[in-house]
2 protein chains.
Amino acid sequence: MPADPPALSPPATVEAFRDQLLGLSGNLPRRLQQCADHVARNLDAIALSTVAQLAQGAGVPPSAMMRFCQIMGFSGYAEMQRLFRSALARSAPDYATRLANLKAGGAGHPSTLVAEFVEAGRQSMEALARDLNETALNQAVATLSHAKTIHLAGFRRSFPVAAYLAYVFDKLGIAAVLHDGVAGLAHRATLQRGDALLAITFAPYSDETLALARQARASGLPVIFLTDPPATGLAPLGDTILTVAEIDFGAFRSLSAAIALALSLAVAVAARRET
Amino acid sequence: MPADPPALSPPATVEAFRDQLLGLSGNLPRRLQQCADHVARNLDAIALSTVAQLAQGAGVPPSAMMRFCQIMGFSGYAEMQRLFRSALARSAPDYATRLANLKAGGAGHPSTLVAEFVEAGRQSMEALARDLNETALNQAVATLSHAKTIHLAGFRRSFPVAAYLAYVFDKLGIAAVLHDGVAGLAHRATLQRGDALLAITFAPYSDETLALARQARASGLPVIFLTDPPATGLAPLGDTILTVAEIDFGAFRSLSAAIALALSLAVAVAARRET
DNA sequence: GCCGAAATAGAATAAACGTTCCACACCTTG
DNA sequence: CAAGGTGTGGAACGTTTATTCTATTTCGGC
């Protein structure tokens, strides 16, 4: 009597849990498959749900969910839930309290400002993950990975993003030109057949960036915009439009989401080129 | 028989809870005060703890914690916990799932990269909030708010941060010079009595930045470093050292925490100058 | 279409947990 | 010092929730 399924051992991390779930999924009896599907889609709900709630969500009786926990290697639901609770607890351990304490210093105090910017940055990150347009991103990667030279445009508050991209592309060995406006040069002649333009600009859009985009368009080069929603008026100027809903604090934005997206773009392009 | 304490109503948000707690604290019987203190310090633990655990942490019997919940206006512990659970559920509602879905695309896919950078950025933000050295920050603000001109140094991957600071200071009407190395100029003569240097550099530190710091030091100007821990070797070169533990993904970092800290610094300096 | 094994649902059981209540201690007030 | 009120701890209660068990159904192979 060999233990028919090799009696899986309980995963120690949420990632391991996902992997194990993926391995099981597909050749599972009907009810257990329902459990697997619902659990996979609601991983973060487990920490706060009861078996009954989770089972109802999956459309199965609680006992089925119970069996599901056991074939995943846990002794029962309680043990499985412990995994997700500790993951959740680690993510917020003292962070929320700490933020509140920083803010408690009072408006205007430096630490309060840090708390506000941190909060804004975190929200921006979450917004980026939530609202990312994968189609546009893939399209942008495809375009840029075929470009002979990538032209980067970004002025004023977008300049740091463009400058960082220039640094990263340089590190990655990808030909990129930063149009920084030094010496008032427009570098018009550098836009050549086979190149592409990546324009970073937030409303109100800077004239220099728009002018460069128009020119690239006129020369038949693909133009990609990295901007904030709703990106009104940019559609006729760009082939691909990536939007980032950055949260401002006061008059300033942390740029964190824009940089994260820009970096992803750069690394993805590098990966695509190597293959 | 007037209801001695006006019978508080249950707070509807975590912020309201904090306020109500602060209002009560101070004139509370001994055990209840212990509860209040422990709860205030562990707000985020409530969502996942049982009465017994929370009470043990506070060093009181469960029944005391029970009474605490009731004077806060709740019917009992369950109702109080509901508040924190829903707050926790809202913070992760689809975010974690969404991240997981993005990653599910597979390694190398653009959306996976975005997920990784978002995660790294978020962790960096939390690390910043957790490890912020308020003393150093206040000191930096004090120094910079007295400076006639603020000199900004930052090369290579620190350059975007320095460049953004230059933009922000300009917007705020504060005199700042970005030492960008254009045309190979060292701008040595611009370091004048009454100025201050804000040097942004991550290990391995760039020679240009260190050279500038040494020179400023020799001229008797205060030097502030914005760098990553452990900042070995910088102590003799700087008066104030601000550290940011930025999380890398792959070879690149999102700079989000560094920018958030830099922005806070800039806004705090502006606020200080106006008064 | 029958037989064996696996899967399932629902009820029964057990454990964990929140909640209440009461007797006792303490502190204040007359 | 006595009496009343308030604060306190622990035990008992009832509810919720996890878990197990078993009768029944479903499915696959002969």
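Letters go in sequence order (proteins before strands), and every chain restarts at 1.
Both tests do not hold together for R157(A) against Y164(B): distance to the six-membered ring centre under 6.0 Å, angle to the ring axis within 45°.
Residue Q34(B) contributes atom CD, which lies 15 Å from atom P of dG7(D) at whole-angstrom precision. To the nearest angstrom, C1' of dC17(C) lies 15 Å from CE of M65(B). Atom-to-atom, CD of Q56(A) to P of dT16(D) comes out at 16 Å; the value is rounded to the nearest Å. Between Q33(A) atom CD and dA7(C) atom P there is a gap of 13 Å when expressed in whole angstrom units. In this structure, R31(B) atom CZ and dT6(D) atom C1' are separated by 15 Å, rounded to whole Å. A straight line from CZ of F68(B) to P of dT6(D) spans 21 Å, rounded to a whole angstrom. Rounded to an integer number of Å, the gap from M66(A) CE to dA12(C) C1' is 15 Å. We find that CZ of F74(B) is positioned 12 Å from P of dT19(C), with the value rounded to whole Å.
Listed here is the closest heavy atom pair of A47(A) and Q81(A): O-NE2, 3.4 Å.
Among the nucleotides dT19(D), dA9(C), dG18(C), the one closest to the side chain of Y77(A) is dT19(D). Closest approach to the T50(A) side chain among dA18(D), dT8(D), dT20(C) is made by dA18(D) (side chain taken as heavy atoms from C-beta onward). Set against dG18(C), dT8(C), dG10(C), the side chain of S63(A) has dG10(C) as its closest nucleotide. Of all nucleotides listed (dT19(C), dT19(D), dA9(C)), dA9(C) comes nearest to the side chain of R67(A). Considering only side-chain atoms of P61(A), the nucleotide from dG9(D), dA9(C), dA18(D) that sits closest is dA9(C). In this structure, the nucleotide among dT19(C), dG18(C), dG7(D) sitting nearest to the side chain of P29(B) is dG7(D).
In this pair, F84(B) and F17(B) present their aromatic rings perpendicular. The plane angle is above 60°, beyond the 30 to 60° band.
Rounded to the nearest 0.5 angstrom, C35(A) SG and Q33(A) CD are separated by 9.5 Å. Summarising the geometry, atom CE belonging to M80(B) is positioned 9.0 Å from atom CE belonging to M66(B); distances are rounded to the nearest 0.5 Å.
When the side-chain nitrogen and oxygen atoms of Q81(B) are compared with OP1 and OP2 of dC17(C), none of them lie within a distance under 4.0 Å. Regarding contacts with the backbone of dG7(D), every side-chain N or O of R30(B) stays at 4.0 angstrom or more from both OP1 and OP2.
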